[in-house]
Amino acid sequence: MELFWFIIIAVVMAIFFILDGYDFGAGIIHLFFAKKEDDKVVIAKTAGLFWDANEVWFVVAGGLLFMAFPTYYASVFSGFYLPLMIILWLMIFRAIGLEFRGQFKYQMWKDLWDKVFGISSLLLAFFFGVGLGNVVRGVNLGSVENGVSLYEPHYFFLPLWNSDFSPLVTHPGIFDFFTIIIGVISVLTLAIHGANWIIFKTNSSINDKLKSTIFIMNIFLFVGSLISLNFWRNLNNDFFNNFWDKPYLLVFPVLFFVGVIGQFFIKKFKKDYYGFIFSTLTILGGITSTLASLFPVILPSRNNVNPDLTIYNMAVEGDGLSMALGWGIVGIILMAIYAIVRLKLTKGKVDDMDYGH
Amino acid sequence: MEDIIFYDRIQFAFTITFHYIFPQLTMGLSLLIVFFKWKFLRSKIEKYNNAAKFLMKIFAINFTMGVITGIPMEFQFGTNWAKFSELTGGIIGQTLAMEGMFSFFLESSFLALFIFGEKLMGQKLHFLTGLLVFIGSWASGYLILATNSWMQHPVGFEILENGKYVLNNFSELFGNPWLLPSFLHNQMASMVTSSFVVASIGAFYILRGKQVEYGKMFLKTGVIFGLISANLVAFPTGDWNAKNVVKYQPAAFAAMEGIFETEEAGSEIVLVGQPNMVEKKLDNKIAVPNVLSFLTYQNWNKQIKGMDEFSKEELPTNIPGLYYSYHIMVGLGTIFIGLMTFAAFLLWRKKLFTNKAILWSIMSIVPLTYIANLAGWYTAELGRQPYLVYGYLKTVDGVSPTVSSGNTLFTLLGFIGLYILLGLLFLLLVGKTINDGPTSKAH
Ligand code: HDD
Ligand code: HEM
Ligand code: HEM
């Protein structure tokens, strides 16, 4: 039961990052590469038409996490209090940027909201990566000092940073070398994803230039991933154990690398959506390999006093999970139908669409 | 002890108050949109269709605001009320997850279809998408109220040895006797806000002398729906809620009504008066004897417990706040009924559209409907104090153990700044949409 809901939540979350990921990416591209007004409009539109529908997946993932693993929800949300609040604010800024840009015709007005949209997208991509890095690295569960827990074993609180920025100490902060690298990887991944989305969904004048940009970003992504793997090994020696035990799990890292390597052939692709498929694989592979490597742990402990948080010791007690199965399955089917209908309706390039909007 | 949770409470109250500005309009407005679309289907008069699409624009702005202020609400359960989430997540996690999965999905997908798909789908399907948006938003309200009702009057659960609350009866959660009255009352209150908003847009167009055709249509519809919902909100739904409070939260009821001392026979109903917490009485009181007993029990002489019957532990923590919220809600409710009855009378005598005084009143009363709704919620939430889960879990025991008040104050200030900005932009945008009017092709 725990495993079932864990997988469902992971899938919903991955879908969120794949879907909303291209909005973040489009925002980053918009910030750095869109110069002409036409391009800006069309890029803002590729994100603007979709962001709220994509954020649905976020709300659902949050709700399901709360339902299935309430203790985890409580522990992680209060422990990562500051970055989560900052993520909330950034999400609000991004939404305002997108919704308000087109409301008035003044150039200054548009410039303002363009920047808001771009910067908040960039920071969001970064913060999500840092968040993932924190979950991989683990935290000082129970806030142990001198061998004594200050709180119950599953509670903790992280400051934004510590003076040494090192992931290896027992009291790490949100930002350290490792999590910052993961943050940068996340920005690169999503920027590539967003660029591919723009190529796929628009006829903007920068599409050709974007292909070269993707190529360069991909080199950094590739190198960054290797560096982070090396760091990761230092953090956790047996991070590959799950894969040795269950070799079929290796499909996940393979997906990731297929995605990254495929991206190098970006200029040769005949169809506009090939690149998008490869960047989707990168995201999917990245998230799933991380979870597979940690499994069943969902938050490692960085001290020897308190145990890791796992899907088994964090799951809701009683019959809640089976009770939720009934409505859960109906919900999942509805969500799938909805996603397909939506894809059908928004087929084609955004520039050519007439939404009357 | 109070200090630890002070900022958490202020932050929750501030963010939920801001959030609730938006759903209270969208829930009611979606029904009015369905109504206009239905009129169009029956009469094929283009005006009705334009009205529906125009109102949907206003809906969409509010919906977006609802989404971006709703996500912080969901987050705060984990961030600020971690202990509460940990202990009761097995129950309220169910309703909140269902809300995301069903209502939000329904609403946001069909909203997009309604806005973008009219040509694609044809009129019948377009009507259907509007209907589904309506169902989605009411389902959203229903599931949220199921959550809140469980906190007001917990049912269908047991407490494990480690203190966790687990659900043992799914249907009791949704058959909670607190839920249905609360839901109906809340939805009617939301109908009040939206009908008044529509009526006020109408009055504005008439007074301004532009788009008068639409103005008359909005005003007429708004007044009719406003009259009906303003009455339903008081009776039977408000009354029904009051009976629930007497039954399940008698201490809160005594505080709401300002009854400091139990009276021998029937209780008086207090119209005006200021609670004096030192002398334990109401200053400058105006009251009508025995009426409260009649309203609650249909018996002029039945005794109602006053605050003196409860220990300090059982009484709500903020008695004056509770008393005022309740009296503001009921007082405004009475004013709404009065105004709409008069407006409906003028409508019937065909004098409504030319009566400047009433047009101005209808146009300017809108903020009060928002205040009434919020006051109602303050009544419910302050009445629940000092508990988070009434009778079981104290508010102080629900807070996050690791988040210091310095951090909460920081985020509270952040929210205040951000929401002021958001509020100003919202007003600008809604103002512009209303100013452009239904005939505008601009977006
Ligand atoms: C336009 C708004 C509005 C108006 C005019 C009224 N109400 Fe109300 N009331 C609400 C808006 C509201 C609300 C915001 O919707 C509440 C908060 C929780 C809920 O379910 O509805 C509420 C709750 C609420 C409660 C529950 C309080 C609790 O849970 O402790 C009672 C007893 C009443 N109302 C009674 C009344 C009565 C007797 C009214 C007679 C005029 C009335 N309300 C008018
Ligand atoms: C399902 C809906 C709701 C839930 C689950 C809920 C839950 C809570 C929680 C957890 C708190 C914090 C602890 C406390 O101080 O009691 C709270 C407080 C509060 N809520 Fe609600 N709430 C809901 C709806 C609303 C709405 C719509 C409003 C008003 C617009 C509102 C107004 C308040 C206020 C004013 C407080 C502060 C009371 C105080 O701390 O003294 N609530 N509520
Ligand atoms: C603490 C309590 C609350 C939480 C956690 C919360 C959460 C949310 C969230 C996450 C959203 C955005 C997407 C969605 O619909 O799921 C939202 C929107 C919405 N909420 Fe709330 N909410 C709360 C209080 C309320 C209350 C009391 C009501 C009404 C009774 C309400 C009604 C709605 C509606 C109708 C929407 C749809 C958006 C809109 O129409 O504006 N919410 N809420």
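Letters go in sequence order (proteins before strands), and every chain restarts at 1.
With contacts defined as side-chain heavy-atom distances shorter than 4.5 Å, the pair B:M98/A:M67 does not qualify. Counting only heavy atoms from C-beta outward, the side chains of B:I61 and A:E99 never approach each other to under 4.5 Å. Contact of the A:T71 side chain with the B:K164 side chain is registered, since non-hydrogen atoms from C-beta on lie closer than 4.5 Å. Annotation: side chain of B:T79 is in contact with side chain of A:M85 (closest heavy-atom distance under 4.5 Å). Here the side chains of A:F77 and B:E74 are not in contact, with every heavy-atom distance at 4.5 Å or above.
Residue A:F80 does not touch chain B at all, counting heavy-atom pairs closer than 4.5 Å. If you measure heavy-atom distances from A:Y151 to chain B, the contacts under 4.5 Å come from the side chain alone. In this structure, chain B has no heavy atom under 4.5 Å from any part of A:Y72. At a 4.5 Å heavy-atom cutoff, the contact between B:F415 and chain A is made by backbone and side-chain atoms alike. With a 4.5 angstrom heavy-atom cutoff, A:I332 touches chain B via backbone and side-chain atoms both. Of the two parts of B:L87, neither the backbone nor the side chain holds a non-hydrogen atom closer than 4.5 Å to a non-hydrogen atom of chain A. Heavy atoms of B:Y419 lying under 4.5 Å from chain A belong exclusively to its side chain. The parts of A:L84 that come within reach of chain B are both its backbone and its side chain, each placing non-hydrogen atoms under 4.5 angstrom from that chain. Interface remark: B:T408 contributes backbone and side-chain atoms alike to the contact with chain A (heavy atom separation under 4.5 Å). For B:L160, the part lying near chain A is the side chain, with the backbone staying farther off; criterion is any non-hydrogen pair under 4.5 Å.
Counting heavy-atom pairs closer than 4.5 Å to chain B, the top-ranked of the candidates A:G79, A:A324, A:A95 is A:A324. Of the listed residues B:V403, B:N168, B:V166, the one with more heavy-atom pairs under 4.5 angstrom with chain A than any other is B:V403. Considering only heavy-atom pairs separated by less than 4.5 Å from chain B, the leading option among A:V330, A:L64, A:V56, A:L334 is A:V56. Across B:L106, B:L111, B:L421, B:N162, the residue that shares the most heavy-atom pairs under 4.5 angstrom with chain A is B:N162. Here B:L428 is the residue among B:T88, B:I91, B:T95, B:L428 with the most heavy-atom pairs under 4.5 Å with chain A.
Residues A:V60 and B:G100 come closest through the heavy atom pair CG2-O, 3.6 Å. When all heavy atoms of B:L418 and A:I92 are compared, the closest pair comes out as CD2-CD1, 3.8 Å. The two residues B:A97 and A:G63 come nearest to each other via the heavy atoms CB-O, 3.3 Å.
More than 12 heavy atoms of other residues, nucleotides or ligands sit less than 6.0 Å from atom CH2 of A:W109.
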For a side-chain contact (heavy atoms from CB on, under 4.5 Å) check, start with the C-alpha distance between A:E55 and B:F104, then their side-chain angles and the critical distance, and finish with the verdict. CA-CA 10 Å; A:E55 225 148 79; B:F104 189 27; 5.6 Å; no
Test side-chain contact (heavy atoms from CB on, under 4.5 Å) applied to B:E86 and A:Y73, step by step: CA-CA 8 Å; B:E86 177 187 348; A:Y73 191 83; over 6 Å; no
CA sep, side-chain torsions, deciding dist, call: A:M91, B:I68, side-chain contact (heavy atoms from CB on, under 4.5 Å): CA-CA 8 Å; A:M91 284 180 118; B:I68 58 187; over 6 Å; no
Show your working on side-chain contact (heavy atoms from CB on, under 4.5 Å) between B:T411 and A:W89 and close with a plain yes or no. CA-CA 10 Å; B:T411 55; A:W89 297 343; 4.1 Å; yes
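From B:L425, atom CG reaches atom CZ of A:F100 across 4.5 Å, with rounding to the nearest 0.5 Å. To the nearest 0.5 Å, the span separating CE on B:M101 from CE on A:M335 amounts to 5.0 Å. Once rounded to the nearest 0.5 Å, the distance linking CG of A:L88 with OG1 of B:T15 reads 10.0 Å. The CG atom of B:L422 lies 9.0 Å from the CZ atom of A:F93; values are rounded to the nearest 0.5 Å. Atom OG1 of B:T64 and atom CG of A:L98 lie 10.5 Å apart (nearest 0.5 Å).
The only option from B:N407, B:T402, B:N80 that meets the side-chain hydrogen bond (donor to acceptor under 3.5 Å, both in side chains) definition with A:Y81 turns out to be B:N80.
Under 3.5 Å, the side chains of A:S78 and B:K83 contain no donor-acceptor pair of N or O atoms.
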